[in-house]
Asks: 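Take a look at this one; I'll ask things after.
Everything numeric in this text was worked out from a predicted model, so none of it was measured. All values below come from the heavy atoms of this structure, side chains included, with hydrogens, waters and symmetry mates left out.
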Amino acid sequence: METARENTGRTFMELMRVPVQFYRTIGEDIYAHRSTNPLKSLLFKIYLYAGFINFNLLVIGELVFFYNSIQDFETIRLAIAVAPCIGFSLVADFKQAAMIRGKKTLIMLLDDLEDMHPKTLAKQKEYKLTDFEKTMKRVINIFTFLCLAYTTTFSFYPAIKASVKFNFLGYDTFDRNFGFLIWFPFDATRNNLIYWIMYWDIAHGAYLAGIAFLCADLLLVVVITQICMHFNYISMRLENHPCNSNEDKENIEFLIGIIRYHDKCLKLCEHVNDLYSFSLLLNFLMASMQICFIAFQVTESTVEVIIIYCIFLMTSMVQVFMVCYYGDSLIATSLKVGDAAYNQKWFQCSKSYCTMLKLLIMRSQKPASIRPPTFPPISLVTYMKVISMSYQFFALLRTTYSNN
């Protein structure tokens, strides 16, 4: 019994634990199709849709506040302050919509990855799962901390500040302020009951947006890590294959298996693009504007606002870097397959084997990648372009604001 447990490595569900558990806190169960409790699944769905209806009403309030603020130059700074929050909210909304629209593709993708996942400890050592998992965990921990820190500070700082001033510093009144700039069709601060109801309503909306934004990217990180691991394993198998000239049948059978395996990995990449391409397009467009507006707030605000917006700035920059880093890793590991195939002792093999190997090399020269529409494949070059674009917007905004 103990030997069997020792020989069993980490399961795919253990790698998926963080995004799956966080998603469930907002009512999204990506493994609902496996549930044996239909009532629980229904309650999760009701909670999810009710949460997003509430969240989108708050986003409408932010948009109205933004529109009212840009009508007068005196209040334009308030519009700049709320703009990055609107961008974050819209991206979170779009990511969740993409997950719902592509639910069948997501289920197929995760099921295929689970089937391909190495089950035994010995196999996982061959695949170098531990090395890939270490990097993945570090990235997940950093991004999760930043994302939750952003939503938490924006949500609860006003209440904590007002409580300290009222209870410990001797202020006569409790300042009823919210963490986000939102227009309401009524006075949401006229009494404590309405204020606290709306305060927790906004806090839940912020948490839901943060989790929707966070978990879509965590899923991407887990999936791309797995695909990169498989490409890396294909490369190792190809490079280490002995290519014995006396065993042509075995060589061809080996290569057929590798080609099928490689083709399966490429199809998984297409599923990833089907799921993420449009949401990542909006993500990168919004990220350029978000980083610009947040940087402006950091240079034009008080110390406490600077600290809050610095957390937001780090979250936005880390999120863009994370996606670009994994996009770059996917390109690199898929290109490595062709290099590994060429490094074989193929000159000892038959002509038919060499022809098949040549086709594999030709296919690997078109690397697997994450491709938003109208964008080049995502890589670290994309990150530099987003940061450069953000700086250009920032410089234009500073110049325009200072001239007025």
Asks: Looking only at the aromatic ring of each residue, does the gap between the centers of F88 and F180 stay below 6.0 angstrom?
Replies: no

Asks: Assign the ring pair W196 / F174 to parallel, tilted or perpendicular, where the plane angle (0 to 90°) is split at 30° and 60°.
Replies: tilted

Asks: Would you say the side-chain atoms of R237 pair up with the backbone N or O of N240, donor to acceptor, closer than 3.5 Å?
Replies: no

Asks: Side chains of N283 and Y276: does their closest heavy-atom pair fall under 4.5 Å?
Replies: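 Of all side-chain heavy-atom pairs linking Y276 with N283, none is under 4.5 Å.
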
Asks: With the side chain counted from C-beta on, respond yes when K267 and D112 share a heavy-atom pair under 4.5 Å apart, and no when they do not.
Replies: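 No, side chains not in contact.
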
Asks: What about the rings of F55 and H204, do their centers lie closer together than 6.0 Å?
Replies: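 No, the ring centres sit 6.0 Å or more apart.
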
Asks: Just by modelled atom types, is the E74 backbone N or O under 3.5 Å from a matching donor or acceptor in the D72 side chain?
Replies: yes

Asks: Which residue in the set I86, I291, L281, V91 passes side-chain contact (heavy atoms from CB on, under 4.5 Å) when paired with M286?
Replies: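 Per the side-chain contact (heavy atoms from CB on, under 4.5 Å) rule, the option paired with M286 is V91, out of I86, I291, L281, V91.
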
Asks: Distance-only criterion, 3.5 Å: show the donor-acceptor pairs between side-chain atoms of residues 387-396 and protein atoms not counting sequence neighbours.
Replies:
unit_1 : atom_1 : unit_2 : atom_2 : d
S388   : OG     : Q392   : NE2    : 3.4
S390   : OG     : S288   : O      : 3.1
S390   : OG     : V386   : O      : 2.9

Asks: Is any side-chain heavy atom of F22 less than 4.5 Å from a side-chain heavy atom of L148?
Replies: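 Sidechains of L148 and F22: in contact.
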
Asks: Go through the steps for L255 and I259 under the test side-chain contact (heavy atoms from CB on, under 4.5 Å), then give the verdict.
Replies: CA-CA 6 Å; L255 192 55; I259 289 170; 4.1 Å; yes

Asks: How about W200 and Y195: are their ring centres within less than 6.0 Å of each other?
Replies: no

Asks: With a 4.0 Å cut-off on N to O distance, would you call E270 and R371 a salt bridge?
Replies: yes

Asks: Can a salt bridge be assigned to the pair K123 and E126 using a cut-off of 4.0 Å between side-chain N and carboxylate O?
Replies: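 Yes, K123 and E126 are salt-bridged.
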
Asks: Just verifying a value: how many Å separate T225 OG1 and D131 CG, rounded to the nearest 0.5 Å?
Replies: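 Reported to 0.5 Å precision, the distance equals 12.0 Å.
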
Asks: So, H271 side chain and L110 main chain: donor-acceptor pair closer than 3.5 Å or not?
Replies: no

Asks: Would a 4.5 Å heavy-atom cut-off, applied to side chains only, mark I224 and Y325 as touching?
Replies: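 Not touching, per the 4.5 Å side-chain cut-off.
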
Asks: Between D217 and K95, does any side-chain N to carboxylate O distance fall below 4.0 Å?
Replies: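 The answer is yes: the pair qualifies as a salt bridge.
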
Asks: Minimum heavy-atom separation for A92 to A212, with atom names?
Replies: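 Scanning both residues completely, I find the closest heavy atoms to be O-CB, 4.0 Å.
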
Asks: What's the separation between atom SG in C147 and atom CD1 in I140, rounded to the nearest 0.5 Å?
Replies: 13.0 Å

Asks: F52 vs D93, test: side-chain contact (heavy atoms from CB on, under 4.5 Å). Steps then yes/no.
Replies: CA-CA 8 Å; F52 266 94; D93 239 345; 3.5 Å; yes

Asks: Is the shortest distance from a Lys or Arg side-chain nitrogen in D274 or K104 to a carboxylate oxygen in the other one below 4.0 Å?
Replies: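 Judged by the 4.0 Å cut-off on N to carboxylate O distance, D274 and K104 do not form a salt bridge.
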
Asks: With no hydrogens and no angle check, just 3.5 Å: does a side-chain donor-acceptor pair link N191 and R176?
Replies: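 Note: N191 and R176 side chains miss the donor-acceptor criterion.
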
Asks: So, the side chain of N343 versus the backbone of D339: is there a donor-acceptor pair under 3.5 Å, distance only?
Replies: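 Yes; at least one donor-acceptor contact below 3.5 Å.
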
Asks: Does a side-chain heavy-atom distance below 4.5 Å link F231 with L266?
Replies: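 Contact flag for F231/L266 side chains = yes.
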
Asks: Where is the tightest heavy-atom contact between A83 and F293, given as atom of each residue plus distance?
Replies: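 Between these two residues, the closest heavy atoms are CB-CD1, 3.6 Å.
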
Asks: Are any of the side-chain nitrogens in K103 or E28 under 4.0 Å away from the carboxylate oxygens of its partner?
Replies: yes

Asks: From D328 CG over to T333 OG1, what is the distance, rounded to the nearest 0.5 angstrom?
Replies: 9.5 Å

Asks: Measure across P377 and T382 and return the closest heavy-atom pair with its distance rounded to 0.1 Å.
Replies: O-OG1, 3.6 Å

Asks: Please step through side-chain contact (heavy atoms from CB on, under 4.5 Å) for the pair L15 and Q226, ending with a clear verdict.
Replies: CA-CA 10 Å; L15 301 179; Q226 289 282 301; 3.0 Å; yes

Asks: Closest approach of F65 and S69, non-hydrogen atoms and distance?
Replies: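 So the two residues come closest at O-OG, 2.8 Å.
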
Asks: Is there a donor-acceptor pair under 3.5 Å between the side chain of T315 and the backbone N or O of L146?
Replies: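 Present.
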
Asks: What I want to check is whether the side chains of Q344 and H241 have a donor and an acceptor closer together than 3.5 Å.
Replies: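 Side chains of Q344 and H241: no pair found under 3.5 Å.
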
Asks: To the nearest 0.5 angstrom, please state how far the CG atom of L275 sits from the CD1 atom of I370.
Replies: 11.5 Å

Asks: With rounding to the nearest 0.5 Å, note down the distance linking CG in L58 to CD1 in I53.
Replies: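 The distance works out to 12.5 Å.
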
Asks: Are F166 and K161 packed together at the side-chain level, in the sense that at least one heavy-atom pair is separated by less than 4.5 angstrom?
Replies: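 In short, these two side chains do not touch, never coming nearer than 4.5 Å.
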
Asks: Tell me if the aromatic rings of Y309 and F154 count as close, with their centers under 6.0 Å from one another.
Replies: yes

Asks: Starting from the C-alpha separation in whole Å, work towards a yes-or-no answer on side-chain contact (heavy atoms from CB on, under 4.5 Å) for F321 and L380.
Replies: CA-CA 7 Å; F321 178 80; L380 292 174; 3.8 Å; yes

Asks: For A206 versus S155, what's the shortest heavy-atom pair and its separation?
Replies: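 The pair with the smallest heavy-atom distance is CB-OG, 3.4 Å.
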
Asks: Quick check against the 3.5 Å criterion: does Y47 have a side-chain atom that pairs as donor or acceptor with the backbone of T25?
Replies: yes

Asks: Could you go step by step and tell me if F184 and F178 meet the ring pair (Phe, Tyr, Trp, His ring centres under 6.0 Å) rule?
Replies: CA-CA 12 Å; F184 293 100; F178 299 110; 5.6 Å; yes

Asks: Is the side chain of E62 donor-acceptor paired with the backbone N or O of V82 at a distance under 3.5 Å, no angle test?
Replies: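 Absent.
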
Asks: Rounded to the nearest 0.5 Å, what's the gap from CD on Q348 to SG on C354? Could you check?
Replies: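 Those atoms lie 10.5 Å apart.
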
Asks: Looking only at heavy atoms, which two atoms of R10 and E14 are closest? And how far apart?
Replies: CA-OE1, 3.2 Å

Asks: Got more than 12 heavy atoms from elsewhere within 6.0 Å of CZ, R260?
Replies: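 Not buried by this count: 12 neighbours or fewer within 6.0 Å.
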
Asks: Indicate yes or no for a side-chain donor-acceptor contact from S35 to the backbone of N37 under 3.5 Å, with no hydrogens or angles considered.
Replies: yes

Asks: Can you tell me if F347 has over 12 outside heavy atoms packed within less than 6.0 Å of its CZ?
Replies: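 It does: F347 CZ has more than 12 such atoms within range.
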
Asks: Say whether, by atom type as modelled, one donor and one acceptor occur between the side chain of Y383 and the main chain of V323 under 3.5 angstrom.
Replies: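 Side chain of Y383 to backbone of V323: no pair is present.
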
Asks: Side-chain contact test, heavy atoms from C-beta onward, threshold under 4.5 Å: evaluate it for D187 versus T189 and give yes or no.
Replies: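 Touching, per the 4.5 Å side-chain cut-off.
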
Asks: Can you confirm whether I378 sits close enough to F284 that some side-chain heavy atom of one is under 4.5 Å from a side-chain heavy atom of the other?
Replies: yes

Asks: Only one of Y342, F254, W346, Y233 passes side-chain contact (heavy atoms from CB on, under 4.5 Å) with L238; say which it is.
Replies: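 Single pass found, and it is F254.
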
